[in-house]
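Here is the structure we will look at.
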Amino acid sequence: MQSVREFAQAKTAGRKIAMITAYDAPSARLVAGSAVDCVLVGDSVMMTVHGEADTLGATPEIMALHTRAVARGNPGCFIVADMPFLSGRKGKAFALDTAAALLRAGAQAVKLEGAAGHLKIIRHLVEAGIPVMGHLGLLPQSVRATDGFKVQARGAAAAKQLLKDAAALQEAGAFALVLECIPAELAREATAKVKIPTIGIGAGPHCDGQVLVWHDFLGLNNEFKPRFVRRFGDVAKPTRRALEAYAQAVQTGRFPNAKESF
Ligand code: KIV
């Protein structure tokens, strides 16, 4: 993906969008040689990299730092960076400054969680020339106010509200929409209802694309394996083996050898 227009074209052509999160330059460099369409510098970085229990600790500075690293590792990649906790709630100027910092760090677009209370801000950012991706369903920034990391919009009223929010985000100018942890049938309905592409995570197969978190898809986090995660690699095991081999080589005096010394 090179531009927002290509997201719309992918949906029209029925071509599924493959998105992955990345938080650092080496991972972004690996994405550069792949067929993956775009990268999300998600505020999930607080959990996956910084070891926190949720994403609330993310700040504009932290998000800009990781965005800059990803952009250095994969120049030319379409990067979406997360607007961190509360950055859409401190007025238009704060939202604009945050989005500007993320774009200056190398993002092409920003993602903002939720619709209620954010529509005016999204419109404002879009009018300022900043592409915005929406995010509905499970909203990790609101886990303390809701029922945690659980499937959302199972009931009829919540499902109806999600469909309404999807249309409102499109109307506000969002170019794409993440649907997180909702029933597959609801994701199918939302995908049919809006013209902008939907990118699912735990939202079944009917979305216009999928996103997975780097550490989940590589099996780097053994403690975390929700139903919607498929591990496309198992990096933890060979890494542990490599650590054992390294420690043994150092401790037995076999590393470094003469060829590895000056
Ligand atoms: O922060 C993140 O990684 C996300 C994805 C789960 C969509 O928002």
Side-chain angles (χ1 to χ4, degrees), residues 7 16-24 27-28 31 36-60 62-67 69-70 77-88 98-99 102 107 109-115 118 122 131-144 146 148-153 162 165-166 169 174-182 187 190-191 196-204 207-218 220-221 224-232:
F7 280 80
K16 297 263 190 185
I17 298 162
M19 186 181 217
I20 191 84
T21 73
Y23 316 103
D24 56 38
S27 316
V31 176
V36 167
D37 292 298
C38 49
V39 164
L40 171 65
V41 183
D43 58 0
S44 52
V45 68
M46 299 314 297
M47 302 169 76
T48 55
V49 174
H50 295 278
E52 297 195 357
D54 56 37
T55 63
L56 275 58
T59 63
I62 291 174
M63 294 312 300
L65 188 72
H66 286 283
T67 300
V70 169
C77 174
F78 194 98
I79 297 169
V80 181
D82 259 339
M83 294 277 284
F85 181 52
L86 295 184
S87 57
T98 303
L102 297 176
V110 297
K111 176 164 76 59
L112 197 56
E113 283 185 17
H118 276 160
I122 291 173
V132 179
M133 180 176 271
H135 184 152
L136 294 176
L138 173 59
L139 305 178
Q141 291 174 11
S142 305
V143 284
R144 294 194 193 168
T146 55
F149 293 94
K150 294 201 180 114
V151 178
Q152 302 293 305
L162 185 135
D165 287 346
L169 286 172
F175 72 95
L177 178 57
V178 165
L179 296 175
E180 179 166 358
C181 279
I182 60 169
T191 300
I196 57 175
T198 59
I199 315 271
I201 174 161
C207 295
D208 299 304
Q210 298 291 326
V211 56
L212 275 181
V213 166
W214 186 264
H215 295 65
D216 298 343
F217 109 102
L218 278 181
L220 274 162
N221 184 357
F224 186 68
K225 176 70 179 77
R227 172 175 165 157
F228 65 84
V229 165
R230 187 187 298 178
R231 286 182 182 152
F232 286 85

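In listed order, ligands and their atoms are each counted from 1.
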Can any side-chain N or O of Asp43 pair as donor or acceptor with the backbone N or O of Ala58 at less than 3.5 Å? no

side-chain hydrogen bond (donor to acceptor under 3.5 Å, both in side chains) partners for Glu180, two or more places apart: His135

Using a 3.5 Å cut-off on N/O to N/O, what pairs does ligand 1 make with the protein? A line per pair would be great.
from: ligand 1; atom 1: 1 (O); to: Asp43; atom 2: N; distance (Å): 3.2
from: ligand 1; atom 1: 1 (O); to: Asp43; atom 2: OD1; distance (Å): 3.1
from: ligand 1; atom 1: 1 (O); to: Ser44; atom 2: N; distance (Å): 3.0
from: ligand 1; atom 1: 1 (O); to: Ser44; atom 2: OG; distance (Å): 3.3
from: ligand 1; atom 1: 1 (O); to: Asp82; atom 2: OD2; distance (Å): 3.1
from: ligand 1; atom 1: 3 (O); to: Ser44; atom 2: OG; distance (Å): 2.5
from: ligand 1; atom 1: 8 (O); to: Lys111; atom 2: NZ; distance (Å): 2.8

Once side-chain hydrogen bond (donor to acceptor under 3.5 Å, both in side chains) is applied, do any residues pair with Asp216, and if so which ones, sequence neighbours excluded? none

Looking at residues at least two apart in the chain, or sitting in another chain, which of them share a side-chain hydrogen bond (donor to acceptor under 3.5 Å, both in side chains) with Thr191? Thr198

Geometric class of the Tyr23/His66 ring pair [parallel <30°, tilted 30-60°, perpendicular >60°]: perpendicular

Look at the side chain of Gln210 and the backbone N and O of Gly204, then say whether any donor-acceptor pair between them is shorter than 3.5 Å. yes

